[in-house]
There are 4 protein chains.
Amino acid sequence: MPPRPDLSEARRQQILDAAMQVFARLGFDKARMEDIARRAGLAKGTLYLYFKSKEEIILGVLDQFMGMELRDFRPLVDLQQTPARERLLQMMERSLADLQRFEWLLPVLYEFYALATRNRLVRKGIQRFYRGYLEVLAPIIEQGVARGEFRQLDARQAALAISAIFEGTLVLWAFAPEEVDLVPQIRAGLQMLLESMEPPRSRRPDA
Amino acid sequence: MPPRPDLSEARRQQILDAAMQVFARLGFDKARMEDIARRAGLAKGTLYLYFKSKEEIILGVLDQFMGMELRDFRPLVDLQQTPARERLLQMMERSLADLQRFEWLLPVLYEFYALATRNRLVRKGIQRFYRGYLEVLAPIIEQGVARGEFRQLDARQAALAISAIFEGTLVLWAFAPEEVDLVPQIRAGLQMLLESMEPPRSRRPDA
Amino acid sequence: MPPRPDLSEARRQQILDAAMQVFARLGFDKARMEDIARRAGLAKGTLYLYFKSKEEIILGVLDQFMGMELRDFRPLVDLQQTPARERLLQMMERSLADLQRFEWLLPVLYEFYALATRNRLVRKGIQRFYRGYLEVLAPIIEQGVARGEFRQLDARQAALAISAIFEGTLVLWAFAPEEVDLVPQIRAGLQMLLESMEPPRSRRPDA
Amino acid sequence: MPPRPDLSEARRQQILDAAMQVFARLGFDKARMEDIARRAGLAKGTLYLYFKSKEEIILGVLDQFMGMELRDFRPLVDLQQTPARERLLQMMERSLADLQRFEWLLPVLYEFYALATRNRLVRKGIQRFYRGYLEVLAPIIEQGVARGEFRQLDARQAALAISAIFEGTLVLWAFAPEEVDLVPQIRAGLQMLLESMEPPRSRRPDA
DNA sequence: CATGAATGAGCTTTCATTCAT
DNA sequence: TATGAATGAAAGCTCATTCAT
C-alpha cells in the first residue's frame, strides 16, 4: 500500500516520448527544453529532475530507439526447422511492419546519424543496433548454407548486404518518397539478394 | 578589360571549402560563423558579403556537394558498345574512388540527411543527387535487358537496388567501420545483385 | 501534560545548526536550501515550516551568531575589586577561547560583513554585537582611569582601539594565517595598547 | 596614424569601473552581467569580449583593487633621514586619504573577504595586499629600533599591530559608522601603539 | 571590399518556493 | 507535521548578424 507509487519511471518515459516527438519535428539542436517540457505537459525545470541535461535526454532517446526494433528477432535463429529463406523473409516483413509504425521517428534516426559522426556514445548505440541485426541474419544464413538452401557464400557478407539493402532503400525512400515505393522496393531488393544466394542449378545428376 | 578579375567566385569557393571542413568536424549547428571565417582566412563579417546567412552557406555547400560525384557518369549511358554489366561495374568503381577522396565529407552528408527531413530545399538537393544516379543506372540496365545481358526485370527497381546497396553499405560502414570492409563489401553486394540479374541459363537452343 | 513537548524550537535550532555549517562552507548565495535540509536531516519543504525564506534563515543565523560570544562578559563590569587591567586581559582570553571553538564559523562572519553593507538588519545585528563588547570594555576602562590604574584617557576611544586590535588581527590572520600567529599576536597588540594606557611613570618623588 | 587605436584596454577598464560600482551596490552574487553592462553603457554580450566570465570580472576587480592603495609607500622605507615615527604617521595619513577617496568601494572589500574564505586566488590577492603593507611597515620600525627611536621590540609584531588597528577600526566604522569617528579613531589607535613603542625613559646615562 | 567590435535574442540550467499528499 | 515533486523566474553565456571604419 504505497501512498505514492514510484512515478519516476513513468515520468522519464513521458519525457522521452515528448522528446522524440519534438526531436522528430525540430531536430536535436532546434528543439528547446521548453518545447519538450510543454509537449510532456510539464514545466521546464521538471525535466531536470529526471535528466541531467539535454544531452542526457538525447542519449535516453537513443537507448529507447535502439531497444525498439530488434526485440524479438533472436528467436528466429533457433527456428531451425523453418527454411532459412523463409525466416529471412519473415524478419524483413516484421521489420517493415515496425518501420511503418515508427515512420514518424525516421527523422530522429537521421539526427542520430549526424550526431554519431561526432559522438562516440551515439556511434556505439548505432553499432549495437546493427550488430543486433547481423547477429540474427548471419547465423540464419549460415544455417541455410549448411543445409544446402544457399550456395557456398560468406554469411557475414551476405548478412551485411541484406542490411544494406534495407538501410539503403530506407534512405532513398526517406529523401525521395515520390520516387521510391518503400515496401515493394525493399522486397524486390531482398528478392534479388536471395536469388543470388541460391545454390547453383544442380546439373541433372544422371543422363 | 576587367582590371580586377572576378575574385568573388573564388571567394565564395574559398568560404564553401572552409565551411565544408568545419561542418564535417562540428556539424551545422555547432559550427560558428567565426570558425568558418577563420578557416577561410577571412573575417567574420566578410562571409556576409558573399552569403546572406549561415543557412545560405549550408545551401551553398549542398550545391557543391551534389554536383560533385555524378560528374561524368552520364556518358556511360551512351557507351552502348560496352556491356552493361561492365559499365555498371565501372560506375561503381569510380564512385568508390570518389568516395575515398571525399570520405572526410561523409559527416556532412549525414548532416544533410538530418536537415533534409525538415528542409524542402535540402530534400530537393538530395533527390536531385539520387535521381542523377538513377538516370544513369536505369538506362544502362534497360540496355542490358534489351540486349539479353540481363533477364527481364524492372530496370528502375534494379537501379534503386544498386543505389540502395551502395548507400546502405556506406551507412553501415560509417557507423561501424571496424565491422565492415567498405570496398569489398560494396563490391560483394553489387556482385550479388548482378548475379540475380543474369539471364536464366539458356538451355542451349536446340542442337 | 504536553504529550508532545515543543519540538519546534529544537527543529529551528537543528536547521540553524545545519545552515551555519553549510553557509560556512559555501557562503550564503551558493548554499542551497536543499543543502541545508540534507545537512539537517530534513526535507527541503520542512525548512519552510520553520522559516519563511532563505533570508529568514540567514537572519536566524545572525541572531544565533551575535548572541554567542558576549555571553558572560557583562559581569566583569561589576567585579570592581579586580584590577581593570586584569579584567581586560581576562575578557580577551575568554574571547580567544571562544574564538578557537568557533573558528570554523569565521567564514560566516565575513558573509555577514559583506551582507551588512546592503542589509540594514544585518548591519544592526553586527552593531549590537560590537556595542555589547564596547559596553563592557568602556566601563572597565573608566573604572581603571578613575582608580588611577590607567592615565587620563578617552575610555570609549581606548575601548574601540582594543576592539579594533582584536578584530583587525582576526582579519589579518584569517586571510594570511601563515603570516600571523593569531593568539600571540592578539596578546601582543593588546599588551601594546595597555602599556600606552599606563599612568605616567610617577617621577620618583625627588630624593 | 592608426585608424583604430586599441581601445581594448580602455574597454576593459570601463567594464571594471562599472563592475566595481555595481558590485559595491549589489554584491557579487546579486549583480547581474546585465547590470554591469548597462552601467558600462555596453551590451551584455560585449562584456564577454573582454572577460571570459563573471568570475574573471571579479578577479579583474580584485587586481584593480589590490594595486590601488600601496602605490607609493615603498619609497618611505628608504627615507632614512626622516624619523621612523614620522614616516609611519605619514603612511597612515596617506592611507586615510586614499581610504576616503575609495570609501564607496568598502563593500567590495568585504565581498572579497567573504569570497576569500572559499577562493584561493582571492585569498592570495588579499595576502599580497597585506604583505605589501607589512613590507613597508616592518623595515621602518626596525630602522626606528636600530636608531633608538623605539624600544627593543618585535618589528613584525608591531607592524601587524598597526595594520590590525587600521583594519579593525575600519571594520568597526564600516558597520557602526555612527559610533566610530573613523579618522580620529585610527589616529588615536596608532598613537597608542606608537606610545607603547617609545623607548623607556632613559635614565640619564651616567652622572 | 574587408574588418571585427558590438549587439541582444535566445538558450540551457539552477534553485527558492509551493503544495498535494 | 513532513515530504519532495513540480514550478518558473532568473541568470550566465553564446553566437548570428550588423555596421562604422
Side-chain angles (χ1 to χ4, degrees), chain A residues 2-8 10-11 29-38 40-57, chain B residues 4 7-8 11 28-38 40-57, chain C residues 4 6-8 11 29-38 40-57, chain D residues 2-8 10-11 29-38 40-57:
Chain A
R4 276 191 259 162
D6 184 16
L7 291 176
S8 84
R11 275 268 182 279
D29 280 276
K30 296 274 177 301
R32 297 175 303 131
M33 294 300 271
E34 176 78 43
D35 298 323
I36 298 173
R38 222 198 305 278
L42 297 169
K44 210 176 356 159
T46 308
L47 302 190
Y48 289 90
L49 296 178
Y50 298 90
F51 295 90
K52 265 210 331 262
S53 64
K54 188 179 178 181
E55 172 161 13
E56 289 248 311
I57 294 185
Chain B
R4 286 192 252 154
L7 285 176
S8 96
R11 275 268 185 277
F28 292 149
D29 278 276
K30 296 270 177 304
R32 296 173 305 132
M33 293 300 270
E34 175 78 41
D35 298 324
I36 297 172
R38 214 193 319 270
L42 296 170
K44 216 179 345 164
T46 308
L47 303 190
Y48 287 87
L49 297 177
Y50 297 91
F51 294 90
K52 246 185 27 227
S53 67
K54 189 178 178 181
E55 173 161 13
E56 290 252 309
I57 294 184
Chain C
R4 284 192 255 154
D6 186 15
L7 286 177
S8 98
R11 274 269 185 277
D29 279 277
K30 297 270 177 303
R32 295 173 306 132
M33 293 300 270
E34 176 77 44
D35 299 322
I36 297 172
R38 216 197 313 275
L42 297 170
K44 217 177 348 161
T46 309
L47 302 189
Y48 288 86
L49 297 177
Y50 298 91
F51 295 90
K52 245 188 23 231
S53 67
K54 189 176 178 182
E55 173 161 12
E56 290 250 311
I57 294 185
Chain D
R4 275 192 258 160
D6 184 16
L7 291 175
S8 83
R11 276 269 182 279
D29 280 276
K30 296 273 177 302
R32 296 174 304 130
M33 294 301 270
E34 177 78 44
D35 298 324
I36 298 173
R38 222 199 304 278
L42 297 169
K44 210 181 353 158
T46 307
L47 302 189
Y48 289 89
L49 297 178
Y50 298 91
F51 294 90
K52 268 212 326 266
S53 65
K54 188 178 178 182
E55 173 162 13
E56 289 247 313
I57 294 184

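Here is how names work: the chains are called A, B, and so on, in the same order as the sequence lines, proteins then strands, and each is numbered from 1.
Between D35(A) and R38(A) there is no salt bridge, since none of the side-chain N atoms of the basic residue sits less than 4.0 Å from a carboxylate O of the acidic one.
Put simply, NZ on K30(B) and CG on D29(A) are 4.0 Å apart, with the number rounded to the nearest 0.5 Å. Annotation: the span from T46(B) atom OG1 to R11(B) atom CZ amounts to 7.5 Å, rounded to 0.5 Å. We find the CD1-CZ distance between I36(A) and F51(A) to be 9.5 Å, quoted to the nearest 0.5 Å.
For the strand DNA chain E, secondary-structure stems (runs of at least three Watson-Crick or G-U pairs, all distances below 3.5 Å) span E:2-21 with F:2-21.
With rounding to whole Å, R38(B) atom CZ is found 19 Å from dA2(E) atom P. Per the geometry, CG belonging to L49(C) stands 14 Å off P belonging to dT17(E), to the nearest Å. Counting to the nearest Å, the C1' atom of dC13(F) and the CZ atom of R32(B) are 13 Å from each other. The distance between atom CD of E34(B) and atom P of dT18(F), rounded to the nearest whole Å, is 16 Å. Atom pair E56(A):CD and dT12(E):P shows a separation of 15 Å (rounding to whole Å applied). Atom-to-atom, NZ of K54(C) to C1' of dA10(F) comes out at 14 Å; the value is rounded to the nearest Å. Distance, Y48(D) OH to dG4(E) P: 24 Å, rounded to whole Å. The separation between D29(D) atom CG and dC15(E) atom P is 11 Å, rounded to whole Å.
Base contact: K44(A) has a heavy atom under 4.0 Å from a base atom. Residue-level contact check: L47(D) touches neither bases nor backbone, having no heavy atom under 4.0 Å from any strand.
Projected onto DNA chain E by closest heavy-atom contact, Y50(D) and A31(C) fall at different nucleotides, the more 5' of which corresponds to Y50(D). Between K30(B) and A43(A), the one whose closest nucleotide on DNA chain F sits nearer the 5' end is A43(A). Heavy-atom nearest nucleotides on DNA chain E were determined for T46(B) and for E55(C), and the one closer to the 5' end corresponds to T46(B).
K54(B) and A31(B) get closest at one heavy-atom pair: NZ-O, 2.7 Å. The two residues S53(C) and M33(C) have their closest heavy-atom pair at C-CE, 4.4 Å.
Looking at the side chain of S53(A), the nearest of the listed nucleotides dT3(F), dT13(E), dT17(F) is dT13(E). Proximity note for R11(B) (side chain, C-beta onward) versus dA2(E), dA6(F), dT12(E): the nearest is dA2(E).
Around atom CD of E34(A), more than 12 heavy atoms belonging to other residues, nucleotides or ligands sit under 6.0 Å away.
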